[in-house]
Amino acid sequence: MNKFIESIKNIFAIEDLRTRILNTLFFIAIYRLGVYVVLPGVDPTQLKTGAQGLFGILDTLLGGAFSHASIFALGIMPYISASIVLQLLTIAVPYFQKLQKEGESGRKKINQYTRVLTIPIVLAQSVGFIATINAEAIINPGTFFTVSTMIIITAGTLFCMWLGEKITDKGIGNGISMIIMIGIVSRLPGAIIGEAAAKGVNKSLIFLLEMVVLFLVVMAVIVLTQAVRRIAVQYAKQVGGTTQLDAQRQFIPLKVNAAGVMPIIFAQSLMFVPAILASVWNNQSDVAMYIGTKFSDYTSWQYNLTFGLLIIIFTYFYTAISVNPNQIADDLKRSGGFVPGVKPGRDTSEYIDEILTRITLPGAVALALIAIFPAIALLLGVTRPFSAFYGGTSLIIMVGVVLDTVNQVQSYLLMQHYDGMMKSGKLRGRTAQPISIAS
């Protein structure tokens, strides 16, 4: 405990770090205030109290902005959709592939395209959002309400995007991810209180056991997020003038879960297709009725088996997109590095690809289990709001953002010669620096 208190003192002793933390809290406060600003022309007392299915998941990620019909009703999600589209374009379109290889200037252009693409996406999604508002809540429905609401929601999304960029520039952590994480965390206290009230005094031991299981699940997600397979890399001796540099030994860190949360997002979006198609032919076929019933219930084994298989498939797919063994091998060859016992070039690429394929399988299976664990928790008696924090998109995003923010704070402390936040006061890898992998 004394170590933790000392770390907090060290954090606020660094002026730049203190300013960045205060800026982050200020921008987050602005975002949370905006969540409760209801759209003009909407009566908040007539809104539905909760969202189900896909809308419920979206509302959790947005911290209640969706169900509140807020000016931030779609939040940062259209920007995330635009980012996914641009990532896929870098695979299929040579122009975007070229931009990706141009370094910082190329990334700036891709970011500009992402911002521009966000506008038509949010306009299209805002039309769908308006359709979800119950008619009683709209005071004066009509063309003016629809157009004005589309403009306001688009402006709200662009403002959220601006807040995220400001957090990244002036604050601490990744701003876009931070906004999503804050929306998720804002629902956690209410979910815990609701779960405790549901269990009551008679089942307090069960509630305590649920908290222990939640802690263990969080630890498992941290392990999955941090797990890497290190490939040793050797650099030959270099001679510069009269100075001879000794050979350096470094490593390539291949993450067990290189795809992050994206496979769950992709799989989740596809899981609504069978239910939608089945609803079209619901009255014409018993099979369609069966499919519609099972895939509308995310606790059914049919739903979870399909969901898990899709996550495993998308994990391999997204890992192939984000990690390019050929580019890693080429970068090593140009910099004079090589993997001991493996020839540079094609052999190195095949070696890296083989290792990546092997470590992706356990990572994909673990990710699938974490994704379906909320359904298992719900079947075991956990309330629906609290069960969402036992895995899935929400938990993985929270853990990833918190770890990234802690690492950034740790770096500031180490640069200022303070002990870090970890018990040893040292970051793993200070003696052997990892090689950055270009994706």
Side-chain angles (χ1 to χ4, degrees), residues 1 25 28-29 31-38 42-70 72-73 75 132-134 136-137 178-222 261 264 268 296-301 303-304 307 369-402:
M1 188 66 182
L25 294 176
I28 288 174
Y31 171 72
R32 289 305 300 166
L33 286 173
V35 167
Y36 294 96
V37 178
V38 181
V42 175
D43 183 3
T45 61
Q46 298 296 324
L47 291 172
K48 295 179 181 179
T49 55
Q52 302 295 331
L54 176 61
F55 297 142
I57 297 170
L58 184 61
D59 194 45
T60 300
L61 295 176
L62 295 173
F66 191 91
S67 59
H68 289 142
S70 161
F72 295 160
T132 64
I133 303 176
N134 49 312
E136 296 82 5
M178 183 73 70
I179 286 177
I180 299 176
M181 194 253 326
I182 291 301
I184 297 170
V185 171
S186 66
R187 309 299 291 271
L188 182 58
I192 294 177
I193 293 172
E195 180 67 20
K199 292 294 181 285
V201 179
N202 296 331
K203 296 183 179 180
S204 57
L205 183 61
I206 296 178
F207 175 71
L208 182 61
L209 180 61
E210 290 175 354
M211 297 301 294
V212 172
V213 173
L214 178 61
F215 174 78
L216 294 177
V217 172
V218 172
M219 292 300 103
V221 174
I222 292 175
V261 75
I264 298 180
Q268 201 119 50
S296 297
D297 178 16
Y298 76 91
T299 61
S300 67
W301 70 265
Y303 180 98
N304 286 283
F307 188 34
L369 292 175
I370 290 171
I372 66 176
F373 202 78
I376 298 175
L378 186 62
L379 289 174
L380 293 176
V382 181
T383 57
R384 186 179 296 271
F386 191 50
S387 66
F389 292 94
Y390 275 81
T393 311
S394 303
L395 184 59
I396 295 175
I397 290 176
M398 282 195 301
V399 169
V401 175
V402 170

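The figures that follow rest on heavy atoms only: side chains count, while hydrogens, waters and symmetry mates do not.
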First locate atom [atom1] of [X], then atom [atom2] of [Y], and finally report the distance between them rounded to the nearest 0.5 Å.
X      : Y      : atom1 : atom2 : answer
Ile180 : Met398 : CD1   : CE    : 12.5 Å
Ile372 : Ile376 : CD1   : CD1   : 4.5 Å
Leu379 : Ser300 : CG    : OG    : 9.5 Å
Leu47  : Thr132 : CG    : OG1   : 9.5 Å
Lys203 : Glu195 : NZ    : CD    : 10.0 Å
Thr299 : Leu378 : OG1   : CG    : 6.5 Å

Any side-chain heavy atom of [X] within less than 4.5 Å of one from [Y]?
X      : Y      : result
Phe72  : Leu62  : no
Phe386 : Met211 : yes
Arg32  : Ser186 : yes
Ile184 : Leu188 : no
Phe389 : Leu395 : no

Task: Donor-acceptor under 3.5 Å (Asp43 side chain, Glu136 main chain) - done: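 Checking the backbone N and O of Glu136 against the side chain of Asp43, no donor-acceptor pair under 3.5 Å is found.
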Open item on the list: Would the distance check show the side chain of Gln46 and the main-chain N or O of Asn134 forming a donor-acceptor pair, the cut-off being under 3.5 Å?
Closed with: no
Open item on the list: Run the ring-ring contact (aromatic ring centres under 6.0 Å, His included) test against Phe373 and tell me which residues pass, sequence neighbours left out.
Closed with: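 Residues passing ring-ring contact (aromatic ring centres under 6.0 Å, His included) with Phe373: none at all.
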Please find the pair of heavy atoms, one from [X] and one from [Y], that lie closest to each other, and give the distance.
X      : Y      : result
Pro44  : Val38  : CB-CG2, 4.0 Å
Val35  : Ser70  : O-CB, 2.9 Å
Val217 : Tyr390 : CG1-O, 3.2 Å
Val382 : Glu210 : CG2-OE2, 3.7 Å
Ser394 : Ala388 : CB-O, 4.1 Å
Ser387 : Pro374 : O-CB, 3.2 Å

